[in-house]
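Below is one structure; the comments refer to it alone.
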There are 2 protein chains.
Amino acid sequence: MNAKKPAPQVPDCKEQLIAIKDTMILLSGKWKIQIIGWLLLYGKVRFMDMLRGIEGIAAKMLSKELQELEQNEIVARTVMPTKPTTVEYELTEHGKTLSGVIDAISAWGVTHRKFLFKKES
Amino acid sequence: MNAKKPAPQVPDCKEQLIAIKDTMILLSGKWKIQIIGWLLLYGKVRFMDMLRGIEGIAAKMLSKELQELEQNEIVARTVMPTKPTTVEYELTEHGKTLSGVIDAISAWGVTHRKFLFKKES
DNA sequence: GAAACTGGTTTCCTTTATGAAATCAAGTGG
DNA sequence: CCACTTGATTTCATAAAGGAAACCAGTTTC
């Protein structure tokens, strides 16, 4: 039984890499991380406020991304008994555990900007 | 001059949200974060080892993602003067500053798995 | 020379993702 | 009744992403 592929020159797949993959499946898409960042910053937010506040997002996308986040219990949706029905979204307790990820991403964005600035000077 | 859109009910766009967007533009795509995780874990790695080690990735994608990371000075590429030419990839100093992001993502994957486990029990 | 290995690139094709605009349902104010 | 609000969903269309397989170039080994 000759294997076609040569043996890999590196140790086997690590837990950490699996965990990275798991996380990124839930957070994939152009808007999810931005939405979570929003909710971390603002707490409870209504649909229309996010729609107007997150630059460039379309209603369909916002709706779809929020649904997916809700299914994964990262975001909670509450229908309020107001005159024109409003809906509030907020992070669940589990969703809030993403703050470490979001903060790291945000902080790196700043680091990267400094890096680019140093280059051009 | 009546604005068509009502005023947003939340304060204006924050720096943090811009930084998140900036970061995610560089790390978008199905494989980039996994690749960076790999390089953090293994250091210098050859092209073929990554191709065999990262499950499911095609040569085209690996090549393309590495090029993009190289353009953003996150990954460095070194052609080695060996018999069959080999090429080594590794994180640049700037690329290594992503370790906080990658670690947070990895750690959350573990947190999430625990969360799912608690639910089913 | 044939075959294999390295590190790619190219072609062709399919699947996802995203977006703009229209529509809808329920409710309010005039 | 008409217009407008909120929170969506539906339709239609396009753009982007991703993948399988073939191909290429340089070098080595049989």
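Quick caveat: nothing in here was measured; it's all calculated off a predicted structure. Throughout, a chain's letter reflects where its sequence line sits, starting with A, and its residues are numbered from 1.
When the P atom of dG26(D) is taken as reference, atom CE of Met48(B) falls 19 Å away, rounded to whole Å. Distance NZ (Lys32(B)) to C1' (dA16(D)): 12 Å, rounded to an integer number of Å. Atom CD1 of Ile25(B) is separated from atom C1' of dA16(D) by 15 Å (rounded to the nearest Å). When rounded to the nearest whole Å, the span between NZ of Lys30(B) and C1' of dA16(D) equals 14 Å. Leu51(A) places its CG atom 13 Å from the C1' atom of dG19(C), with the value rounded to the nearest Å. If you measure from atom CZ of Arg52(A) to atom C1' of dG7(D), you get 11 Å, rounded to the nearest angstrom. Note: CG (Leu27(B)) to C1' (dA17(D)) measures 17 Å, nearest angstrom. The distance between atom OH of Tyr89(A) and atom C1' of dG7(D), rounded to the nearest whole Å, is 7 Å.
Under the 4.0 Å criterion applied to side-chain N and carboxylate O atoms, Lys119(A) and Glu73(B) are assigned as salt-bridge partners. Between Glu65(A) and Lys30(A), none of the side-chain N atoms (NZ, or NE/NH1/NH2) sits under 4.0 Å from a carboxylate O, so this pair counts as no salt bridge.
Taking CD from Glu55(B) and CG from Leu17(A), the interatomic distance works out to 11.5 Å, rounded to the nearest 0.5 Å.
Residues of residues 56-76 of chain A having a heavy atom closer than 4.0 Å to DNA chain C, listed by number: Lys60(A), Met61(A).
Proximity of Arg77(A) to the phosphate of dA8(D): a side-chain N or O atom is located under 4.0 Å from OP1 or OP2.
A residue-by-residue look at Gly29(A) and Pro84(A) shows that Gly29(A) has its nearest nucleotide of DNA chain C further toward the 5' end.
No side-chain donor-acceptor contact under 3.5 Å links Lys118(A) to the backbone of Lys114(A). Looking at Thr86(A), its side chain never comes within 3.5 Å of a backbone N or O of Met80(A) through a donor-acceptor pair.
Grouping Ile, Leu, Val, Met, Phe, Trp and Tyr residues whose side-chain heavy atoms lie under 4.5 Å apart, directly or via other members, leaves Val110(A) alone, with no other cluster members.
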